[in-house]
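A short worksheet on the structure shown next.
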Protein chains: 2
Amino acid sequence: MHAGRCKNLPMPTPPRPLPQRPPTLRDVAEIAQVSIKTVSNVVNDYPYVKQATRDRVLAAIAQVGYRPQAAAQQLRTGASGLITLALPSLTFTYYSDIAQAFIDEAQRRGRTVVLHTTSAGPEAERTVLQGFERVLGDGVIFNPLQLWEEELARMERTSQPTVFIGEHLPEQLPRGCDYVKIDNEGASFEATSLLLDQGRRRLAFLGAIPSAHGVQPHSSGTLRRDGFLRALAAHGLDPSAATIQEVGDWHRQDGADGAEALLERLPEVDGIVCGNDDLAIGVLSRLRRHGRRVPEDVAVIGYDDTPDAPFTSPPLTTVSPDKQALATTVLDLLIERIGGYDGPPRTVMTPYDLVVRESTALLPA
Amino acid sequence: MHAGRCKNLPMPTPPRPLPQRPPTLRDVAEIAQVSIKTVSNVVNDYPYVKQATRDRVLAAIAQVGYRPQAAAQQLRTGASGLITLALPSLTFTYYSDIAQAFIDEAQRRGRTVVLHTTSAGPEAERTVLQGFERVLGDGVIFNPLQLWEEELARMERTSQPTVFIGEHLPEQLPRGCDYVKIDNEGASFEATSLLLDQGRRRLAFLGAIPSAHGVQPHSSGTLRRDGFLRALAAHGLDPSAATIQEVGDWHRQDGADGAEALLERLPEVDGIVCGNDDLAIGVLSRLRRHGRRVPEDVAVIGYDDTPDAPFTSPPLTTVSPDKQALATTVLDLLIERIGGYDGPPRTVMTPYDLVVRESTALLPA
DNA sequence: TGGGATATCTGCAACGTTGTAGAAACGCTC
DNA sequence: GAGCGTTTCTACAACGTTGCAGATATCCCA
């Protein structure tokens with residue numbers, strides 16, 4: 001609360017408190033008695049530097065603790081080494097798993113991941129598409145959930161190199177991007193067939209999301225449901241009579257709520273194919289509460305093979321996408337685009353496995 | 001394999017293929033017929049710009065899709081708006097939860113999170129301490145696991161503004177950092193007391209990690225164990241006779257393995273306090289396999305209140321750290337330091353709750 | 001001994017932005 | 001209509017780095 005200001009006192013070099021700028025090439029150069037450029041050459045392993053000079057420079061670097069400033073490098077070279085990963089939310093185990101896979105794989109390639117989450121909704125996703133408020137990273141890995149297909153289809157080209165992951169993107173993608181997906185429909189078909197082959201006939205799919213405003217959120221739900229229906233048809237059942245249980249979202253709690261509703265609609269259900277593992281975990285908790293035995297009375301299948309799956313009660317049969325392969329493929333494509341490749345959009349399918357655990361054990365009968 | 005080089009052909013402006021640089025202030029200025037600085041003034045809401053000029057500039061900005069380049073801003077101003085979050089691994093639900101909390105809170109403050117994971121070991125943690133290879137963000141939030149206390153104590157000051165979270169940091173911290181912690185010991189005391197008050201007497205703590213090379217990894221385990229032991233003593237039991245079950249790490253699988261070992265050592269166990277929820281989930285799965293009923297035969301308590309906890313079988317009693325409070329507190333401190341504050345290290349304790357669920361239900365007796 | 005290649009080092013300019021200082025135009029008062 | 005303050009705009013420099021084009025010095029071979 002010191003109101004008065006000393007207007008005329010000439011402050012001799014106001015001692016800048018903390019923001020003591022980190023050492024620069026200039027500082028190193030001064031100590032090593034060489035030009036700035038030579039220091040730069042040493043840092044960048046330019047071969048034509050005498051060993052003696054190199055040693056002197058390296059010593060100076062160590063002495064002042066020099067580290068290159070990413071901002072200046074980026075300004076000069078146009079590349080930041082940053083990759084933006086835009087996911088719905090880390091509170092879904094599936095996404096935190098793939099986030100880790102991407103971080104590891106990026107670190108392995110000398111790149112750093114900037115994480116952005118879009119659980120806020122379509123507004124947040126649109127921000128991602130438009131390239132954020134500031135030009136920051138070299139490219140984006142983007143898993144949209146709520147994005148209107150038409151919106152994406154309208155774009156002529158993405159604002160920066162982009163690789164989409166997830167589901168339900170339009171056939172016709174803008175220029176400047178690629179798309180890596182997982183065969184949801186096929187995986188769901190395979191999972192459902194497993195139950196049908198066991199003789200179970202009163203199956204339900206849990207995980208459809210009612211579409212609001214024409215938005216199709218979690219459209220992986222749609223694909224997985226389609227695979228479910230196709231499997232029914234392939235086994236001679238009538239898909240139009242199938243039980244499709246809607247849920248509010250894809251968290252554990254939604255699975256629990258959905259299970260309550262389902263048990264009311266179809267008390268004799270003997271197999272539930274869930275949209276993901278989190279839903280399945282909620283389902284298991286409610287089946288237990290209602291005294292249904294798994295797998296004796298009801299079989300349950302999840303999707304994602306989250307780290308939880310082997311430890312649920314009983315351990316959960318689930319579709320396991322190859323997250324490592326996903327990360328590798330995506331980064332290959334993205335870095336190629338960052339490097340200047342500008343061919344037409346490419347679509348790549350990555351593999352999955354059906355991991356069979358006790359929640360779908362064969363009936364002793 | 002085109003070996004020959006055309007030395008003398010003067011290439012007239014080689015058409016740079018993709019890396020078409022994004023529009024700059026200069027481009028906008030040209031279109032709007034004003035100086036670069038005026039565009040900058042408009043972008044930064046400098047008040048002394050005529051409305052007509054402002055409109056013209058805004059139109060030009062929209063026309064070319066101008067977005068400021070973070071790198072140039074950082075170079076000029078010295079601040080990037082980036083905050084580095086260094087965590088062990090997102091595959092622990094606890095860490096992915098707090099990562100999300102930090103991302104949200106940072107987004108709310110107009111800052112972006114760079115995520116770095118250090119599961120690779122002490123080497124990776126040392127890199128964080130040294131400020132990484134390049135100067136990138138404005139500050140770090142760092143949850144070390146394996147860092148030698150002495151190593152940190154030896155530092156005079158951190159290489160950039162830092163807030164530590166987690167456990168077992170030295171009393172004497174370097175300059176330039178703060179420390180936000182959770183009262184692990186107290187929480188564990190309270191959790192253990194809950195079981196003792198129910199009359200359970202053959203308790204075990206599961207989650208100690210054998211220390212290798214003098215390193216004290218997961219030292220939260222130590223604190224939580226200490227609280228456990230203190231509770232025993234406070235209830236008139238002999239802490240030196242307590243059962244402490246070691247585990248290899250703190251994943252679900254380690255909980256499962258630890259439970260197997262524990263059941264062999266102390267078959268009559270009637271209460272297990274686990275180092276975290278993931279361990280508890282593994283424990284529950286093995287108790288079930290061995291036919292032990294929870295909570296009738298054995299009560300189980302976890303730590304972290306991960307999203308799994310309400311959905312385990314039975315739902316898990318657990319200590320719930322206030323992640324939102326953690327994120328808020330940490331960012332407050334960090335941003336204050338980034339802003340130039342350079343006072344001595346501060347230590348802040350954030351609150352927790354004991355969430356009682358069925359895994360510790362009272363015995364009907 | 002000359003000529004060309006090779007090795008080692010340097011200065012300059014530019015990347016896009018913003019702080020500073022100041023020029024120019026305007027409006028007001030006496 | 002001179003003087004002064006306010007509004008509006010601009011030029012310049014600098015942040016730290018690297019590509020480019022050279023300047024020397026050194027070496028090898030004819």
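Predicted model only: the values in this text are computed from it and were never measured. Within every chain, numbering begins at 1; the chains are lettered A, B, ... in the order of the sequence lines, protein sequences first and strands thereafter.
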Exercise for the section: Taking side-chain contact (heavy atoms from CB on, under 4.5 Å) as the test, write out the residues that go with A:Ala59, two or more places apart. Expected result: none
Practice task
Determine, for nucleotides 14-21 of chain C in 5'-to-3' order, which nucleotides have protein heavy atoms under 4.0 Å from the base (write B), from only the sugar-phosphate (write S), or from neither (write -).
Solution key: BBBBBBB-
Problem - Which residues share a side-chain hydrogen bond (donor to acceptor under 3.5 Å, both in side chains) with B:Ser89, sequence neighbours left out - result: B:Thr91
Exercise for the section: In whole angstrom, give the distance that lies between atom CD of B:Gln74 and atom P of D:dT17. Expected result: 11 Å
Practice task
Using a cut-off of strictly less than 4.0 Å between a heavy atom of the residue and any atom of DNA chain C, enumerate the qualifying residues of residues 50-64 of chain A by number.
Solution key: A:Lys50, A:Thr53
Practice task
Go through the structure and list residues passing ring pair (Phe, Tyr, Trp, His ring centres under 6.0 Å) with A:Phe102, not counting sequence neighbours.
Solution key: none
Handout entry: Any A:Tyr48 side-chain N or O less than 4.0 Å from OP1/OP2 of C:dA7
Key = yes
Tabulate below the donor-acceptor pairs under 3.5 Å that side-chain atoms of residues 41-49 of chain A make, not counting sequence neighbours, or state none.
from    : atom 1 : to      : atom 2 : distance (Å)
A:Asn41 : ND2    : A:Lys37 : O      : 3.4
A:Asn44 : ND2    : A:Ser40 : O      : 2.9
A:Asn44 : ND2    : A:Ser40 : OG     : 3.3

Practice task
Measure the distance from CG on A:Asp45 to P on C:dT8 and round it to the nearest whole Å.
Solution key: 15 Å
Fill in the blank from the handout: To the nearest 10 degrees, the angle between the two end axes of the helix from C:dT1-D:dA30 to C:dC30-D:dG1 (five pairs per end) comes to 50°
Handout entry: Residue pair B:Leu85 / B:Val114, side-chain heavy-atom distance below 4.5 Å
Key = no
Exercise for the section: Determine: side-chain N/O of A:Thr38 to OP1/OP2 of C:dT10, distance under 4.0 Å, yes or no. Expected result: yes
Problem - Those residues that, when tested against A:Pro23, pass side-chain contact (heavy atoms from CB on, under 4.5 Å) (two or more places apart) - result: A:Asp27, A:Val64
Exercise for the section: Kindly state each residue pair satisfying side-chain hydrogen bond (donor to acceptor under 3.5 Å, both in side chains) with at least one member in residues 130-145 of chain B, sequence neighbours excluded. Expected result: B:Ser80-B:Asp138
Fill in the blank from the handout: Those residues at least two apart in sequence (or on a different chain) that pass side-chain contact (heavy atoms from CB on, under 4.5 Å) with A:Arg109 are A:Glu105, A:Thr328, A:Leu331, A:Asp332, A:Ile335
Problem - Partners meeting ring pair (Phe, Tyr, Trp, His ring centres under 6.0 Å) with A:Phe132 (sequence neighbours left out) - result: A:His116
Completion exercise
So side-chain hydrogen bond (donor to acceptor under 3.5 Å, both in side chains) across residues 52-78 of chain B, not counting sequence neighbours, yields B:Gln51-B:Asp55
